[in-house]
Every structure is written in structure tokens, then in C-alpha cells.
Amino acid sequence: MDPNSTHQQWSEWEFTVRLLWAPFFRVTLQDVEYNVATFMRKGFGSSSRMKMEKKQRVVSGELRDTWVFTVQTEAANVNDPSKRQYMLDSVTRFMENGLGKVDVGMEVRLLAGSPEDGKPAEQWLIMPPSVVTTKMIMGDTP
Amino acid sequence: MANALYGLFKQALMNKEHDLNTDAVKATLIDAADYDAAGTINTDTTYVAGANGVADAAKVAVSGTLQAAATITLGVFDTDNFTWSTVSGDVSEAILLWNDGHASDGLIAWYDTTVTGLPVTPNGGNINVTVHGSGWFAL
């Protein structure tokens, strides 16, 4: 994959979903991951990857969840305001159906491709994983 | 050559010369045509003052300090993603991680393989870098 080839545009969409209530039932990480991944795949297409993170905050002595979903995708035109609004509305509706009353924030960033404002195209590099194997942890020669 | 940690970095680490979650670790985009990493990565025995022996011509872009969210948990060095802004210059084939807070600006690691998007031809725009979820390197 060369994200910097002429006709590609890659973008990052970060959705921060704050539950506005203390859940009285347990929402498992696996359930959220499966359902949101399925939803995001439909919204962004298969040339995408998603990272998910769960945080907790204290509000009036109650623990409330905050979920952060970060999608890197080739499919969505990040320069299109209507697409941005559509994705925010869709994600908000989806989250409210699954989690109840929520507050959804969205941050969007162009990673690679033309910003379509006359400025040069953004380019993107993706670092490789740091290799950690059991053997290395145990001190053997990898 | 392959991605690697510098021999002198490992030596300096054992000698308590680096504090990776507080020192000013930076990343430089490198034109490998002007810098022989293979010749220095394991064989250097002394630091070269100033530019670490890396020719200025090889340095295409230098990041700010990456320490905003640097972590060293369980021996894994990780930072936030970062951006080189308005980059112009030669085609670049590698990324050099180094410690600006070290007395000799110690080189840490060299990446020129399995970095998606390299080589990159600077076009005057930004170059965004996504650090892998597993960090820069693990000891």
C-alpha cells in the first residue's frame, strides 16, 4: 500500500462518545467492538481500520464511560462538509440506539491526499510495529 | 539495511545517559543517499559532535519533541503521532530517532524498512506520521 499515490486520500476520524448516564447494565468491550466495527465498516468501507479505547470519568460520584473510536480510512472524502455531518449524525444515532443518551464529539484529520484548497497534498507514513516476541522477552536470541 | 537500534544508544542507556520519557526525543526524515547508516549503526565507538555524523544534507525535516505522551511502560518506547510541516527537499528513505537531550545528541534508532509510505517525495506539504500501537521499539 502506498498512501501517498496520486489518487488516494486517507483520513482519520475520531469519535469521542461520552455516556450521559451511569450504565445499570454491563456493556462488554467485545459487544461494543463487534457492533461498532460492523457499523464503521458500512459507513467507511473496507479500506479502513479502527482503534477503540474505553475510559472512565467520575461525574457526581458516578463512574461514566467514555469511548473513543479512531478510524483511518481511504473511503470517505474528508473535505466534504456534508459527509462529515452525515457521519457525525449517523454515529450519534447509532450510539444512542446502543448506549442510550450520549454526547458524541468528532475530530477529522486529512492524513494523505489533497486538501482541495490549493495547498500541497498531505503525505502519510505509518511506522512498523515494534517486534516483541516471547523469546526476546525471555532473553533468548530472536 | 534493516530497522535497528544504534549500538551506542544501547551502551549509553546502560550508562544511564538517556531518560526517554523526559528527554527531548525527536525524529528526523533522512535522505539516505547522504547518510551511511549501515556504516555507523553498530560500528561507531565515539559520538561525532554536533550533527552525530549525519550530514546536514541528509536531514530533510526535523520534528519537534515527541515527548507529549511518551511512555516507557515495560520497556516499550511509545509517543504520540506527529507531523513534519511544510516539508521540501530530496526524496527521503528513512527516519532517524534521536535524543536532543543527550549530551552528544545520541542517535537511538534507524527505520528504513517496513515503514509504509517510504520513500516519500516531499512536495512542500505536511508529512503525517502514525506511530504503531506497539510503539517505536521494545527492549
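Note that these values count all heavy atoms, side chains included, but never hydrogens, waters or copies made by symmetry. In what follows, chains carry the letters A, B, and so on, assigned in the order in which the sequence lines appear, proteins first and then strands, with residues in each chain numbered from 1.
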Open item on the list: So which residue, B/Leu29, B/Val131, B/Thr130, ends up with the most heavy-atom pairs under 4.5 Å with chain A?
Closed with: B/Thr130

Task: chain A contacts, top residue of B/Val129, B/Val115, B/Asn123, B/Ile127 (heavy-atom pairs, under 4.5 Å) - done: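 Looking at each option in turn, the highest pair count goes to B/Asn123.
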
Would you mind reporting whether [Y] and [X] have side-chain heavy atoms less than 4.5 Å apart?
{"X": "A/Met52", "Y": "A/Val32", "value": "yes"}
{"X": "B/Leu139", "Y": "B/Leu5", "value": "yes"}
{"X": "A/Val36", "Y": "A/Met95", "value": "yes"}

TODO: Could you tell me which non-hydrogen atom of A/Ser5 sits nearest to which non-hydrogen atom of A/Gln8, and how far apart they are?
DONE: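 It is OG-NE2, 3.0 Å.
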
Which bit of [X] is near chain A, if near means a heavy-atom gap under 4.5 Å: side chain, backbone, both or neither?
{"X": "B/Thr83", "result": "side chain"}
{"X": "B/Ile95", "result": "side chain"}
{"X": "B/Asn3", "result": "side chain"}

Task: Atom pair CH2/OG1 of B/Trp136 and B/Thr71 - distance to nearest 0.5 Å - done: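 Between B/Trp136 CH2 and B/Thr71 OG1, I get 12.5 Å after rounding to 0.5 Å.
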
